[in-house]
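Let me begin by presenting the structure, written as structure tokens, before commenting on it.
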Amino acid sequence: MTSSIDVLVSEVGPRDGLQSIHRLMSTQDKKRWITAEAAAGVLEIEVGSFVSAKLIPQLADTAELVAHSLTIPGLTVAALVPNYRGAEKAIECGVHKITIPLSVSETHSLKNLNRTHAQLLDEVRRIAALIRDVPLPRRPAFEGALSTAFGCTIEGPVPQRKVVELAEALMAAGCDEVGLSDTTGYGNPAQVKSLTLAVWAAVGRKHLTGIHLHNTRGQGLANVVAALDVGLSTVDASLGGLGGCPSAPGASGNIVTEDLVFLLEAMGLRTGIDITQLLAVRRIVQEALPGECLYGFVADAGLPKGFISASKLALDD
Ligand code: ZN
């Protein structure tokens, strides 16, 4: 993370947001979206997933989006991979960051990725070996995302011990870092704190910096504040709160990027993002997906009168 920001906002809308939306967004529109968000100051975007196009046709153009995004100066281009083959493609395309999800709930893992924990960890080991062969300047960062870490729509409560165990296993298998994902929107602020502390105790603070939250039960921004309090510094969000998870029935969108940026900037935490410009990006997405519901309180209510963001204040110093 650059020192000119306090919190890294990672946009996951083009992947997590779109994957549950059946109406295809054109590659051209996705490029406009990514370009506009980067221009607003967003420093990291998960632009797609190297998943089978048959499984998720919406994400079939990920390679082209990566190629486009790599031409944007200063943008960290991230992609999800479900398996070794996906990682091969991601590396070939030159992404900066690869994330592989591991569902802490094994039932969800089987349903989502068709893999047991042992099989998935084996895949992680093979991917880590592949990444080690990439020359350093081009070598992507490798994150293992602990999905359903806060609870599973199929299994119900997920024991903290299991999350910690799998965090250790992912690190041992060769990940650079792990992330906590509330795939199902079951999490609460107390849980965010205790889970973060437990995983830190096992893998070390620098190997867990980020959290991925959904707003399914309205706890999203409260969970962000808990994450900031405990000391996490990267937060995933989706423009307009698009998204959900096809294998977690009932799970609605990610936390809303615009509301997250407002929260952070209002609290004096610099994101480097121009919120007015960010709000304007909604129009691109709305026009590309007519009829699709975009969420966001700040977009609905407008910015408070006289609002000056922390990033803007820092620039004026
Ligand atoms: Zn998600």
Side-chain angles (χ1 to χ4, degrees), residues 1-17 33-48 66 69-70 72-80 95-101 140-146 149 175-182 192-193 196 199-200 203-215 220-221 223-239 241 243 254-275 277-278 281 298 309-315:
M1 193 189 312
T2 62
S3 55
S4 57
I5 61 166
D6 300 303
V7 177
L8 177 65
V9 172
S10 182
E11 171 65 48
V12 297
R15 195 279 303 170
D16 204 354
W33 175 9
I34 291 164
T35 303
E37 267 208 60
V42 174
L43 292 167
E44 181 174 297
I45 303 182
E46 191 170 75
V47 301
V66 169
S69 305
L70 287 173
I72 302 172
L75 179 68
T76 297
V77 182
L80 203 78
V95 302
H96 299 130
K97 184 177 172 187
I98 290 177
T99 301
I100 188 164
F142 187 27
E143 179 190 346
L146 294 152
C175 285
D176 300 317
E177 58 175 318
V178 294
L180 291 175
S181 292
D182 185 11
V192 167
K193 287 189 182 177
T196 302
V199 173
W200 274 351
V203 305
R205 211 180 152 111
K206 71 169 193 272
H207 298 300
L208 166 65
T209 59
I211 191 158
H212 175 99
L213 297 163
H214 283 245
N215 198 38
L221 291 185
N223 288 338
V224 170
V225 174
L228 297 171
D229 275 353
V230 76
L232 293 173
S233 54
T234 299
V235 185
D236 289 0
S238 172
L239 194 88
N254 293 94
I255 56 169
V256 176
T257 310
E258 308 86 297
D259 290 352
L260 170 67
V261 170
F262 174 68
L263 172 85
L264 296 168
E265 293 283 345
M267 287 174 75
L269 298 166
R270 295 161 306 158
T271 63
I273 298 168
D274 181 321
I275 187 149
Q277 233 177 307
L278 182 70
V281 182
V298 176
S309 69
S311 290
K312 182 81 178 47
L313 272 175
L315 283 179

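Quick note: residue numbers are just sequence positions, from 1.
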Item checked: Ile273 side, atom CD1; Phe262 side, atom CZ - distance, nearest 0.5 Å -> 14.5 Å
Notebook entry, point to check: Tell me, do Thr234 and Val7 make a side-chain contact under 4.5 Å, heavy atoms counted?
Noted result: no
Item checked: Val235 side chain reached by Ser10 side chain, heavy atoms, under 4.5 Å -> no
Next item on the list: Compare all side-chain heavy atoms of Val42 with those of Val9 and state whether any distance is below 4.5 angstrom.
Entry: no
Next item on the list: Check Ser238 against Gly13 and note the closest heavy-atom contact, atom names and distance.
Entry: OG-CA, 3.3 Å
Next item on the list: Determine whether Pro14 and Ile34 make a side-chain contact, defined as any pair of heavy atoms from C-beta on separated by less than 4.5 Å.
Entry: yes
Check: How many angstroms lie between atom CD1 of Ile45 and atom CG of Leu239, to the nearest 0.5 angstrom?
Finding: 9.5 Å
Note to self: Could you go through Leu208 and Leu232, starting from their C-alpha distance and side-chain angles, then the distance that decides it, and tell me whether this counts as side chain to side chain contact (heavy atoms under 4.5 Å, CB included)?
What the structure shows: CA-CA 8 Å; Leu208 166 65; Leu232 293 173; 4.0 Å; yes
Margin query: Applying salt bridge (Lys or Arg N to Asp or Glu O under 4.0 Å), can you list everything that pairs with Glu258, at least two apart in sequence or on another chain?
Written below: Arg282
Item checked: Ile211 versus Ala227, closest heavy-atom pair with distance -> CG2-CB, 4.0 Å
Checklist line | Euclidean distance, Asp236 CG relative to Leu8 CG, rounded to 0.5 Å | finding: 9.0 Å
Check: At their closest point, which heavy atom of Val230 faces which heavy atom of Thr196, and how far apart are they?
Finding: CG1-CG2, 3.9 Å
Note to self: I'd like to know if the side chain of His96 reaches the main chain of Val77, judged simply by a donor and an acceptor atom lying under 3.5 Å from each other, with no hydrogens or angles considered.
What the structure shows: yes
Margin query: Checking Lys97 now: which residues fulfil salt bridge (Lys or Arg N to Asp or Glu O under 4.0 Å) with it, not counting sequence neighbours?
Written below: Glu44, Glu143
Next item on the list: Check the side chains of Asn254 and His214 for a donor-acceptor pair under 3.5 angstrom, ignoring hydrogens and angles.
Entry: yes
Margin query: Using a 3.5 Å distance criterion without hydrogens, assess whether the side chain of His207 forms a donor-acceptor pair with backbone atoms of Asp176.
Written below: yes
Next item on the list: Please examine the side chains of Val199 and Val203, heavy atoms only from C-beta on, and report whether any two atoms are closer than 4.5 Å.
Entry: yes
Checklist line | Minimum heavy-atom distance between Val95 and Pro140, given as atom pair plus value | finding: O-CB, 3.5 Å
Next item on the list: Taking the side chain as every heavy atom from C-beta outward, state whether His212 and Asp16 have any atom pair closer than 4.5 Å.
Entry: yes
Checklist line | Where Glu37 and Val281 come nearest, the two heavy atoms and their spacing | finding: CG-CG1, 3.8 Å
Next item on the list: Write down the atom of Ser69, the atom of Val47, and the distance for their closest heavy-atom approach.
Entry: OG-CG1, 3.4 Å
Check: To the nearest 0.5 Å, how far apart are CG in Leu43 and OG1 in Thr271?
Finding: 8.0 Å
Checklist line | Derivation of the side chain to side chain contact (heavy atoms under 4.5 Å, CB included) call for Glu11 and Trp33 | finding: CA-CA 11 Å; Glu11 171 65 48; Trp33 175 9; 4.0 Å; yes
Notebook entry, point to check: Between OG1 of Thr99 and CG of Leu80, what distance do you get to the nearest 0.5 Å?
Noted result: 6.0 Å
Checklist line | Under the salt bridge (Lys or Arg N to Asp or Glu O under 4.0 Å) test, residues paired with Glu265 that sit two or more places apart | finding: none
Item checked: Spatial distance of atom CD (Glu177) from atom CZ (Phe142) [nearest 0.5 Å] -> 11.0 Å
